[in-house]
Amino acid sequence: MIRPAIQSMTGYQPGEQPRRGKVIKLNTNENPYPPSPRVVEAIRQAAEAGLQKYPDPMAGAFRLRAAEVLADDLPQITPEWILCGNGSDDILTILTRTFVGEGDLLRYPKPSYVLYKTLADIQGAQVDVVDFQADWQLGERFTAATDRLRLAFVANPNSPSGTVLSVAEVAKLADSLPCPLVVDEAYVDFAEANCLSLVGENPSVIVTRTLSKSYALAGLRFGYCVAQPQVIEQLVKVKDSYNCDALSIAAATAAIDDQAWLKQNCEKVLATRARMADAFKDKGFVITDSQANFVWCTHESRDLKQLYEDLKSAGILVRYMSYDGWPEGIRVSVGTDDQVDACLAML
Ligand code: PMP
């Protein structure tokens, strides 16, 4: 019999991923530029080396290189502090399965990443959803001790708002919470600061990252988390045996190795983001202070569902989102300058 917890679920609805026609795609926060050329070369070499054997179950090559790169922010890091996954969604799944069982409680803010609820639902767990304050900060309500609270998620930068909590604020949340805190840093390379140092200070902090956004590899599926080794040891028991394939491991290792490419790409995205933010404001939208590769726009009088439909008819996809108790909005990913100009012209 299908478990009742699954039967009653709606299921996660990912953004539209059209496969046909010419679309300007600004709806799922992909990078508009191709990845580092080293990535393609690494995939070619890995394919030529042969795919008949299983991949390294721990993605050792990536862990080794990532530990070197991440040591700038977390000096004590070694490969044992890193777990790789099939996108950071896989990592979030592993974390939920590790910490949250049937009847337990998972806490996260609203509005935020919709997948968190799906992960709790699959476990037959309850959710405790805490609204952001008007200034996009989280008050004491977020850290309240509650029976069976097992895990808390916070996306930083947050989606859809792009707003951030300061490192000091996240440290305070982690110290006050009676359960581990997952800091979902999917968009952190576009932000001014990251929370990696907190992992060294507090064994309850777990930072998740992805190569889908700043490394322009959403099609590849590679993410990872950083936590103290005794936590990683437990997570390894829960992951699929070979959750990252050989081509992805080779590609991701090449990608994280090319930090010069990352820096240049982020600079381009940030310049376009600033221009977009100004233009949306000029057109009467209310926007948040985004530190991610998208802009969250609300409007006092315009029908944004209609605007989303009109843009879609014109071949421009943005994400329309409406959260209970919050003004509806559209989230527009930072595209190339030409894509953004086409979108702005339609407004
Ligand atoms: N966290 C947040 C906040 C996201 O917006 C996304 C992208 N949908 C992810 C995690 C997952 O990204 P991926 O699975 O591509 O690594």
Side-chain angles (χ1 to χ4, degrees), residues 11-17 25-32 35 39 59 62 66 82-97 106-120 122 129 132 136 138 151-165 170 181-191 194-195 206-226 239-240 243-245 248-249 251-252 255-256 262 269 273 288 290-296 317-321 323 329-334:
Y12 177 62
Q13 308 283 326
E16 297 162 89
Q17 307 295 348
K25 199 168 171 304
L26 305 176
N27 66 333
T28 47
N29 304 336
E30 289 125 329
N31 202 300
V39 169
F62 179 86
I82 301 169
L83 178 77
C84 301
N86 182 33
S88 59
D89 282 350
D90 181 32
I91 296 289
L92 297 171
T93 303
I94 294 167
L95 288 165
T96 311
R97 290 172 70 193
L106 173 74
R107 181 176 288 162
Y108 57 85
K110 188 173 93 182
S112 192
Y113 190 25
V114 182
L115 182 73
Y116 302 150
K117 170 153 171 47
T118 306
L119 296 177
I122 294 169
V129 185
F132 274 107
W136 293 97
L138 288 170
L151 191 65
F153 282 128
V154 70
N156 203 41
N158 185 50
S159 173
S161 61
T163 51
V164 294
L165 305 174
V170 176
L181 174 66
V182 175
V183 188
D184 177 348
E185 292 197 335
Y187 300 102
V188 82
D189 291 323
F190 306 109
N194 69 69
C195 288
I206 300 158
V207 166
T208 65
R209 298 262 176 103
T210 180
L211 273 70
S212 297
K213 315 294 180 182
S214 56
Y215 288 93
L217 290 171
L220 193 78
R221 311 307 301 135
F222 202 92
Y224 63 95
C225 71
V226 180
K239 80 176 190 72
D240 287 349
N243 61 334
C244 301
D245 65 88
S248 300
I249 296 168
I256 201 160
L262 176 75
V269 169
R273 182 182 76 196
T288 48
S290 172
Q291 289 204 23
N293 65 335
F294 52 82
V295 179
W296 175 240
L317 268 187
V318 301
R319 189 86 179 250
Y320 168 81
M321 289 165 139
Y323 294 82
I330 54 167
R331 193 191 64 188
V332 187
S333 309
V334 177

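Each ligand, and each atom within it, is numbered from 1 in the order the structure gives. Hydrogens, waters and symmetry mates play no part in the numbers below; they use all other heavy atoms, side chains included.
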Peer 1: Just wondering, do Ser333 and Thr28 contact through their side chains at under 4.5 Å, heavy atoms?
Peer 2: no

Peer 1: Would you mind checking which non-hydrogen protein atom is closest to atom 7 (C) of ligand 1, with the distance to 0.1 Å?
Peer 2: Lys213 NZ, 3.3 Å

Peer 1: Between Asn158 and Thr163, is there a side-chain donor-acceptor contact under 3.5 Å, judged purely by atom types and distance?
Peer 2: no

Peer 1: In the structure I gave you, are the side-chain heavy atoms of Asn29 and Arg331 within less than 4.5 Å of one another anywhere?
Peer 2: yes

Peer 1: As an exercise, identify every atom of ligand 1 less than 4.0 angstrom from a heavy atom of Ala186.
Peer 2: 1 (N), 2 (C), 10 (C)

Peer 1: Of the side chain and backbone of Ser88, name the one, both, or neither that has a heavy atom under 4.0 Å from an atom of ligand 1.
Peer 2: both

Peer 1: Within the 3.5 Å criterion, strictly below it, is a donor on Asp184 or Tyr116 matched to an acceptor on the partner's side chain?
Peer 2: yes

Peer 1: Provide the number and element of each atom of ligand 1 under 4.0 Å from a heavy atom of Gly87.
Peer 2: 14 (O), 16 (O)

Peer 1: For atom 11 (C) of ligand 1, what's the nearest protein heavy-atom neighbour? Residue, atom name and distance, please.
Peer 2: Asp89 OD1, 3.0 Å

Peer 1: Between Val182 and Tyr108, is there a side-chain heavy-atom distance shorter than 4.5 Å?
Peer 2: no

Peer 1: Strictly by modelled atom types, are Arg221 and Ser248 linked by a side-chain donor-acceptor pair under 3.5 Å?
Peer 2: no

Peer 1: Give me the residue, atom name and distance of the protein heavy atom closest to atom 8 (N) of ligand 1.
Peer 2: Tyr113 OH, 3.2 Å

Peer 1: What protein heavy atom sits nearest atom 1 (N) of ligand 1, and how far off is it?
Peer 2: Asp184 OD2, 2.6 Å

Peer 1: Between Arg273 (side chain) and Phe190 (backbone), is there a donor-acceptor pair under 3.5 Å?
Peer 2: yes

Peer 1: Measure from the side-chain N and O atoms of Asn243 to the backbone N and O of Cys84, and report whether any donor-acceptor pair falls under 3.5 Å.
Peer 2: yes

Peer 1: Among the heavy atoms of Phe222, does any lie under 4.0 Å from an atom of ligand 1?
Peer 2: no

Peer 1: Give the residue and atom name of whichever protein heavy atom lies nearest to atom 15 (O) of ligand 1, and the separation in Å to one decimal.
Peer 2: Ser212 OG, 2.6 Å

Peer 1: What protein heavy atom lies closest to atom 5 (O) of ligand 1? Include the residue and the distance to one decimal.
Peer 2: Tyr187 OH, 2.6 Å

Peer 1: How far is atom 14 (O) of ligand 1 from its nearest protein heavy atom, and which residue and atom name does that atom have?
Peer 2: Arg221 NH2, 2.8 Å

